[in-house]
Participant: 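I'd like to ask you about the structure that follows.
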Amino acid sequence: MLRGIKGVKDILPDEIARWQVIEETARRLSLSYGYQEIRVPVFELTELFARSIGASTDIVEKEMYTFQDRDGTSLTLRPEATAGVVRAYIEHNLGGSAISQKFFYLGPMFRHERPQAGRLRQFHQYGVEYFGTRSPLADVEVVSLLWRFLSGLGLPDPSLQVNSLGDAADRAPYKAALLEFLKKREDRLCQNCRRRMETNPLRVLDCKVPGCQAATEDAPRITDHLSAGSRQHFQDVQAGLRDLDIPFSVNSRLVRGLDYYTQTIFEVTCRGLGAQNAVAAGGRYDGLVEALGGASTPAVGFAVGLERVALVLPASAIPPPQKLIFVAAFGQRGMAAGTRVLDELRGLGLRADTDYRASTLKAHLRQADRLGAEYVVIIGDDEVTTGRLLVRNMGTKEQEELSLSTAAQTLKSRLKTG
RNA sequence: GUGGGCGUAGCUCAACUGGUUAGAGCGCCUGGCUGUGGCCCAGGAGGUCGCGGGUUCAAAUCCCGUCGCUCACCCCA
């Protein structure tokens, strides 16, 4: 038997309702905040991702699905969507539009990783990108949208952490200072962190090993090395969040895995996710548009891992399905009449179904029961003769006669009121 | 890429120290109830014991390999 690919999952009808709530909430909220949907390709030139995410990040170094097009061009399945959105923004000169500066997207991303709880090779993200302003209020707006999305869905104990990385000019001297500090403590760091000192010293601060946490307790903080402007920006963001009553904590150890972030960065974790407990993350990336060849344009955004949201989405967030009317038609004339009633019900926008395999009333009722039908319309040859069908309320077992010609309308009004 | 756990019916799991025809619950089908669902009762269908090799008189059980799933590390949404 041919199986699906490792880490690439089917989303079966049983779980679709939870995905639909998540996606509909994302769309509705994004639009209400003034973000427009954008759909960018799932594959792009490899170079786009290498240049935006950072050539020496894990994502680019070993997690991309990269392949050659027929002419030898190197293409890659998108590991995240910001790069593509920025590319589209530049390519279509969206910065020149009076209205389109705020975008949201939903869709699959691809990373070649070992699957585990909350981590897949094809996974889905919802994200937004806000271009064209350095205002800290834009950072606040983006976080507020994210917070409303997550808390609106009722995720368990969401926790928002924020930090600032400053701008490129802030970071270089800080990195040097941090590295100097780490060298003095190298003997207390884990093997991984010693390697990180070479590749990305900021990551050492993010290490979960208790020994490393202790060793770096009094390490220099990035927030103490910010320029006056960067510090002010971070202060303003925090003030804005307080103003909107969005709970957060500053975590000066917070680091992001993608190279393009500047200034504000943030992450939301929540309970019940296992080891991969981040549901969403984002930040400002003021240098990316320019780095990809566009005009210098500040931007801020976030991405949410939808599988992770789905994993902890409470059942109460999932609305019950539309009430079902089941048509139990049997006998030669009954089936013909039943088909017409079924079509009429559907034409009125009601959820209605039948089972063509069932030939007896018993079989129909059993199927109706399994489907959780609210009402069953019973039509046999007798009913066709009298011109009156039976409507059975599956909850109360009450049955009443209705005229064949008006039954559909009557049921519609009944479902509205009941 | 590294490490742990697990692969027996559609699903969840049994099968003691290797020992007859591999079982149960749920689900499914049929009948009791020939035009009335759930509950109950009776019966029934359904299994290459992940796959390959080895040890043995005998393997779901032991050994080796392999594939798959899963959790964790790394890293990340």
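Order of the sequence lines fixes the chain letters, A, B, ..., with proteins taken first and strands second; residue numbering starts at 1 for each chain. These figures come from a predicted structure and were not determined experimentally.
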Participant: For nucleotides rC33(B) and rC41(B), find the distance between their C1' atoms and express it as a whole number of Å.
Facilitator: 12 Å

Participant: Could you state the CD-C1' distance from Glu61(A) to rC75(B), rounded to the nearest angstrom?
Facilitator: 12 Å

Participant: For Leu389(A) and rG35(B), what is the distance between atoms CG and P respectively, to the nearest whole Å?
Facilitator: 18 Å

Participant: Could you give the CZ-to-P distance, from Arg203(A) to rC75(B), as a whole number of Å?
Facilitator: 6 Å

Participant: Taking the side chain as everything from C-beta on, heavy atoms only, tell me whether Ile265(A) gets closer than 4.5 Å to Leu254(A).
Facilitator: yes

Participant: Under 4.0 Å, counting only non-hydrogen atoms across every strand here, what does Leu311(A) touch: a base, just sugar-phosphate, or nothing?
Facilitator: nothing

Participant: Decide, applying a 5.5 Å centre-distance limit and a 30° plane-angle limit (both strict), whether Phe123(A) stacks on rA77(B).
Facilitator: yes

Participant: Within this structure, what is the CG-OG distance for the pair Asn163(A) and Ser252(A), rounded to the nearest 0.5 Å?
Facilitator: 6.0 Å

Participant: What's the CD-C1' distance between Gln122(A) and rA77(B), to the nearest Å?
Facilitator: 14 Å

Participant: How is Arg308(A) classified with respect to the nucleic acid when contacts are heavy atoms under 4.0 Å: base, sugar-phosphate, or nothing?
Facilitator: base

Participant: OP1 or OP2 of rG37(B) less than 4.0 angstrom from a side-chain nitrogen or oxygen of Lys362(A), does that happen here?
Facilitator: yes

Participant: Check the phosphate of rC76(B) against Gln276(A), side-chain N and O only, distance under 4.0 Å to OP1 or OP2. Yes or no?
Facilitator: no

Participant: Using a heavy-atom cut-off of under 4.0 Å over every strand shown, decide if Glu383(A) touches base, sugar-phosphate, or nothing.
Facilitator: base

Participant: Are the side chains of Leu120(A) and Glu113(A) in touch, meaning some heavy atoms are under 4.5 Å apart?
Facilitator: no

Participant: Using the P atoms only, state how far rG4(B) lies from rA14(B), rounded to an integer number of Å.
Facilitator: 22 Å

Participant: Nearest 0.5 Å please: distance from the CZ atom of Phe67(A) over to the CG atom of Leu77(A).
Facilitator: 6.0 Å

Participant: Is a side-chain N or O of Arg87(A) found less than 3.5 angstrom from the main chain of Leu292(A), in a donor-acceptor match?
Facilitator: no

Participant: Keeping the roles fixed (side chain from Glu15(A), backbone from Leu12(A)), state whether a donor-acceptor pair exists under 3.5 Å.
Facilitator: yes

Participant: Mind calculating the distance between CD (Glu401(A)) and P (rG35(B)) to the nearest angstrom?
Facilitator: 18 Å

Participant: When you measure from the side chain of Thr262(A) to the backbone N and O of Asp286(A), does any donor-acceptor pair fall under 3.5 Å?
Facilitator: yes

Participant: Does a donor on one side chain and an acceptor on the other come within less than 3.5 Å for Thr264(A) and Asp139(A)?
Facilitator: yes

Participant: Hey, does the side chain of Arg78(A) come within less than 4.0 Å of rA77(B)'s phosphate (OP1/OP2), counting only N and O?
Facilitator: no

Participant: Between rC69(B) and rU8(B), how far apart are the two P atoms, rounded to whole Å?
Facilitator: 14 Å

Participant: Can you tell me which stems RNA chain B forms, taking runs of 3 or more consecutive Watson-Crick or G-U pairs with both distances under 3.5 Å?
Facilitator: B:1-7 with B:67-73, B:10-13 with B:23-26, B:28-32 with B:40-44, B:50-54 with B:62-66

Participant: Checking contacts here: which listed nucleotide (rC71(B), rU30(B), rA77(B)) is nearest the side-chain heavy atoms of Arg366(A)?
Facilitator: rU30(B)

Participant: Would you mind classifying the nucleic acid contact of Met109(A) as base, sugar-phosphate or nothing, using non-hydrogen atoms under 4.0 angstrom?
Facilitator: nothing

Participant: Heavy atoms only, 4.0 Å cut-off, all strands: where does Arg370(A) land among base, sugar-phosphate and nothing?
Facilitator: sugar-phosphate

Participant: Looking at the rings of Tyr126(A) and Tyr105(A), which for Trp means the six-membered one, are their centres under 6.0 Å apart?
Facilitator: no

Participant: For a quick check of understanding: with a heavy-atom distance under 4.0 Å over all strands, which category does Ala280(A) fall into, base, sugar-phosphate or nothing?
Facilitator: sugar-phosphate

Participant: Gln399(A) near the nucleic acid: base, sugar-phosphate alone, or nothing, with a heavy-atom cut-off under 4.0 Å?
Facilitator: base

Participant: Can you check the distance between rU61(B) and rC49(B), where both ends of the measurement are the C1' atom (answer in whole Å)?
Facilitator: 10 Å

Participant: Please work out if Lys397(A) contacts a base, only the sugar-phosphate, or nothing of the nucleic acid, heavy-atom cut-off 4.0 Å.
Facilitator: base

Participant: Between rU66(B) and rU30(B), how many Å separate the two P atoms, rounded to a whole number?
Facilitator: 47 Å

Participant: Determine the contact category for Arg114(A): base if any of its heavy atoms lies under 4.0 Å from a base atom, sugar-phosphate if only primed atoms, P, OP1 or OP2 are that close, otherwise nothing.
Facilitator: base

Participant: Taking the P atom in each of rA22(B) and rU36(B), what is the distance between them to the nearest angstrom?
Facilitator: 41 Å

Participant: For Tyr126(A) and rA77(B), give me the distance from atom OH to atom C1', rounded to whole Å.
Facilitator: 14 Å

Participant: Heavy atoms only, 4.0 Å cut-off, all strands: where does Glu113(A) land among base, sugar-phosphate and nothing?
Facilitator: base

Participant: In this structure, how many angstroms lie between the C1' atom of rA77(B) and the CZ atom of Phe149(A), rounded?
Facilitator: 12 Å

Participant: So, does Arg119(A) get its side chain near the phosphate of rA72(B), meaning an N or O under 4.0 Å from OP1 or OP2?
Facilitator: no

Participant: So do the side chains of Arg392(A) and Leu365(A) get within less than 4.5 Å of each other, counting heavy atoms only?
Facilitator: yes

Participant: Scan Arg256(A) against the nucleic acid and name what it touches under 4.0 Å (heavy atoms): base, sugar-phosphate only, or nothing.
Facilitator: sugar-phosphate

Participant: Using the closest heavy atom to pick a nucleotide of RNA chain B for each, name whichever of Thr57(A) or Arg3(A) lands nearer the 5' end.
Facilitator: Arg3(A)

Participant: Taking the nucleotide of RNA chain B with the nearest heavy atom to each, does Gly118(A) or Lys62(A) sit closer to the 5' end?
Facilitator: Lys62(A)

Participant: Taking only the C1' atom of each, what is the distance from rG23(B) to rG47(B) in whole angstrom?
Facilitator: 11 Å

Participant: Of the nucleotides rC75(B), rG37(B), rC73(B), which one has an atom closest to the side chain of Met394(A)?
Facilitator: rG37(B)

Participant: Take the protein atom CD1 of Ile53(A) and the nucleotide atom P of rC76(B), then report the distance between them rounded to whole Å.
Facilitator: 11 Å

Participant: Using the C1' atom in both, what is the distance from rA9(B) to rC26(B), to the nearest Å?
Facilitator: 12 Å

Participant: Give one of base, sugar-phosphate or nothing for Leu258(A), where a contact means two heavy atoms less than 4.0 Å apart.
Facilitator: sugar-phosphate

